[in-house]
Amino acid sequence: MTGTRVPEKPTLDGIEDRWAGVWDNQGHYTFDRTKTRDQVFSIDTPPPTVSGSLHVGHVFSYTHTDCMARYKRMRGFEVFYPMGWDDNGLPTERRVQNFYGVRCDPSLPYDPDFTPPATPDAKQQVPISRKNFIELCEQLTVEDEVVFEHLWRRLGLSIDWSQTYQTIGRNSQQVSQLAFLRNLKRGEAYQAEAPTLWDVTFRTAVAQAELEDRERPGAYHRIGFPTTADPLTKVFIETTRPELLAACVALVAHPDDERYQPLFGTTVTTPLFEVEVPVLAHTLADPEKGSGIAMICTFGDLTDVIWWRELQLPTRPIIGWDGRILSEIPEWIATESAISQYEHIAGATSHTAKERIVARLNENGDLVGEPREITHPVKFFEKGDKPLEIVTTRQWYITNGGRDPKLRADLVARGSELKWHPAHMKVRYENWVEGLNGDWLISRQRFFGVPIPLWYRLDGEGNPIYDEIMMPQEADLPIDPSTDVPAGFTEDQRNAPGGFMGDPDVMDTWATSSLTPQIAGGWERDPDLWARVSPMDVRPQAHEIIRTWLFSTVVRSHLEDNRLPFLNAAISGWILDPDRKKMSKSKGNVVTPMSLLDEYSADAVRYWAASGRPGTDTAFDVGQMKIGRRLAIKILNASKFVLGLNATQNDAAITEAVDKALLAQLAKTVEQATNAFEDFNYARALEVAESFFWNFTDDYVELVKVRAYSETDLAGAASAKAALATTLDALLKLFAPFLPFVTEEVWSWWQEGTVHRSPWPDSSTLAALAGDGEAAMVADIAEALSQIRKSKSDAKVSMRAAIETATIAANDHVVQRLTLAAKDLQAAGSIESLNFASAENIEVTVVLAPVAQ
RNA sequence: GGGCGCAUAGCUCAGUUGGCUAGAGCGCCGCCCUUACAAGGCGGAUGUCGGGGGUUCGAGUCCCUCUGCGCCCA
């Protein structure tokens, strides 16, 4: 009557596909939406970018979250564990262009019957509407997402696969646009003119992440600025961009620079353009660079933007979106001669303008000496071949406290409400919020993103009146203003005088990603679901995007619901190369996650991941995976042995002191693991479980083997079996969050249902079973056993070799405890006669039995 | 330049509110085919806890300082 189904030769092979299939069929991880908020543990899963491939870093951090999810499920929570795909953004845009041979032209109308070219030609890309383009993006990303899902299932993530979303999907667009409209209605979203990094070839704003520095030749031009007080005295600056002279708004030097201190607070006049500008002090001015005093233009580079902002300087742009000098005479160019100088460069490219300005400066004697050639880093769009300009454009912003001390203080307070794991990560959030000096720019001049859902009235000449915004009805979302028409207008009024135009921009990807709780949780779309899962219990994420993803999510939730979007932030570390450098994408892709799963098993890879403590960078280490694999195999074999002893019932009386001691130790282990998990420290929980497990197999199982087999000491055998069964049951549960496959495999040999919905072990129940058992006895026995083994090892004999007499010396208390285990010790060590003596520390002396020849 | 973190055995890392002789695994060395496991088991050796100073009866742990490394921000 074994009642068990233990295989002859347990193996890890094939268990992943088998159990992943069973879990899916039986819906173990499907969210039960009858559960109320207090019964739910909800996870704001990070949506991975699907345009690349998953690397070991993903496996690492997603495993951490899954361990927590599995733990919470066993604690009786209904876990809401969705999965999103981040397919919104430029990487996807590029893939679609190349894959289908198309390009997006937002001015085109939607063609519902469009089919991409059969033989895509990257050089002859077919222009299509934004809506068509987005449809193709969705088609292509769906294919990537299938591959990702397969990997996640193989890794054993206990995701509810009926809860998925795409950041470019209809639901995400709807949420993103709705949230934006709510921001707008409450006055939290606004448009303003502001400096933006701009690629003149692509005519798009460029994000900081897409910048790269390239070393380019340039030349310092030494130019004299007459002081206002005495026009015969000149201040000499050196600049690589003399063509921006007409955009000069100030000169700047370091506050400690004694050469220029007398000039601070005075004014100078720009050569050629005769504009009076102040001389100011700022620490970013480098006394070593050029003449130590620089001209600030709006805008030559990013430092100009900082100076402009921090010194509150006027905006005098002269470069247009096409990279040419603006044709219209700027209002600050006032004198007749200045106007004629400007007309000389109006409409020219910056290259031509530079030549002309230099020539004029030379003629006027404002240029000193020959330009001094240098090489310096210049910012480029990674895909562009012309240096970036900084142009002033109309953009949309959302308030984030950068310009509002009250909001800023409120957002800092939100950060303090949030429970951070590890706690020190909160400081990064605080530093970021306290250091903000501008609102959140959310508009982007791109195609593949969520459109800004607005139209503008056009005046009689066809120019947009940006103050006359037309919003869609919330019920009509999502909309695309490039193809949809505002209420009261018809399509033929698009871009016509007196008609309307759609906002051509899309939102920053963070403007959508900041709403993942709302997207996944059914905000406004499914209020019943939203009430059951929000605010989310945990946001797992990496530390480098605290300032972006985490912060922006807090902003949106604060503005919309006046609360946190999630209660805990679980911050994961990074995967480093074995040489401690951050693992690069190229290197990460050399070792694909799937090949690791094939080689070491999913449980083994998960073991490695779960060994990395929260927030700590961890080395990529196949050694840990080998250990994980060994642990999984050991669990199979140890379980087989325990079940082979017919130790499947745990209802017998546990009477032996050794057995009670084991359970006391187990109770302690469960308590520690539980506390660690409650603190989101899955790594600690794994460590204590593992440590107990090895002691269990190495010492306890060896110790009670003989007694458990005994057919004479029935009470002793029953006690051992009950302790073994109780311990195996608890161990499988302790390991289940980490090693879901092997624990489920073993569970299936002797239990019904799934281990992953079984209740987490309870330390007080185990402590009650342990009764007066002393946990410390386990260590005493381990020490005694170890010394007995050592004596055999030293004598180079088998562990089965008989010992004639053994004497264990120890202090009285330990001797008392070990006496209770004397019979088991004798059996385990093949000791004929066991004596005890008194000593400070445990010390075993043995006399080996003569070896029979 | 500002902030945060890290530094413990050859390697990867634990070490909770300060408290017994600082631990684990890998690797290394030795032993053992043992009726769960030889893709295994058992045992052994291995430390200036980055340097210096301080607080304390007592410091890997707390404070100061220096050095090196990483990340974020400017």
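The sequence lines fix the lettering, A, B, ..., with proteins before strands; numbering per chain opens at 1. Computed from heavy atoms alone, side chains included, the values below leave out hydrogens, waters and symmetry copies.
- Judged by distance alone, with hydrogens and angles left aside, A:E702 brings a side-chain donor or acceptor within reach of the base of B:rA36, the pair sitting under 3.5 Å.
- Listed nucleotides: B:rC42, B:rC73, B:rA36. Nearest to the side chain of A:V701: B:rA36.
- Phosphate proximity of B:rC6 to A:T616: absent, as no side-chain N or O sits under 4.0 Å from OP1 or OP2.
- Between the side chains of A:W420 and A:N568, not a single donor N or O lies within less than 3.5 Å of an accepting N or O.
- Within the structure, every pair that satisfies the side chain to side chain donor-acceptor pair (under 3.5 Å) test and touches residues 601-614 of chain A, not counting sequence neighbours, is listed here: A:D66-A:R606, A:Y607-A:E690, A:S611-A:Q624.
- Inspection of the A:T553 and A:R539 side chains reveals an N or O donor paired with an N or O acceptor under 3.5 Å.
- Remark: A:K705 is not positioned above the aromatic ring of A:Y700, lacking an NZ or CZ atom under 6.0 angstrom from the ring centre and at most 45 degrees off the axis.
- Phosphate proximity of B:rU16 to A:R684: absent, as no side-chain N or O sits under 4.0 Å from OP1 or OP2.
- Neither OP1 nor OP2 of B:rC37 sits under 4.0 Å from any side-chain N or O of A:K9.
- Checking B:rC42, B:rA36, B:rA39 against every side-chain atom of A:R789, the shortest atom distance belongs to B:rC42.
- Within 4.0 Å (heavy atoms only), A:R800 reaches at least one base atom of the nucleic acid.
- Using a 4.0 Å heavy-atom distance criterion, A:Y709 is classed as a sugar-phosphate-only contact.
- Between A:Q751 and A:D729, the side chains place a donor N or O and an acceptor N or O closer than 3.5 Å (distance only, hydrogens not considered).
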Per-nucleotide protein contact string for nucleotides 17-25 of chain B (B base, S sugar-phosphate only, - none; heavy atom under 4.0 Å): ----B---S
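- When heavy atoms are screened at a 4.0 angstrom cut-off, A:K790 is found touching the sugar-phosphate backbone but no base atom.
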Between protein and nucleotides 2-4 of chain B, what N or O pairs are separated by less than 3.5 Å?
from, atom 1, to, atom 2, distance (Å)
B:rG3, O2', A:N431, ND2, 2.3

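- To the nearest whole angstrom, the two C1' atoms, one in B:rG10 and one in B:rC4, are 30 Å apart.
- Listed by chain and number, the residues in a side-chain contact (heavy atoms from CB on, under 4.5 Å) with A:N675 are A:E671 (sequence neighbours excluded).
- A:N675 comes within 4.0 angstrom of no nucleic acid atom, judged by non-hydrogen atoms across all strands.
- Nucleic acid contact class of A:S786 (heavy atoms, under 4.0 Å, all strands): sugar-phosphate only.
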Per-residue pairing states of RNA chain B in dot-bracket (Watson-Crick or G-U under 3.5 Å; . unpaired, | other strand) read (((((((..((((.....[...)))).(((((.......))))).....(((((..]....)))))))))))).
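- Here the side chain of A:K705 is nearest to one of B:rG43, B:rA36, B:rA38, namely B:rA36.
- Take A:D698 and apply the side chain to side chain donor-acceptor pair (under 3.5 Å) test, not counting sequence neighbours, and it matches no residue.
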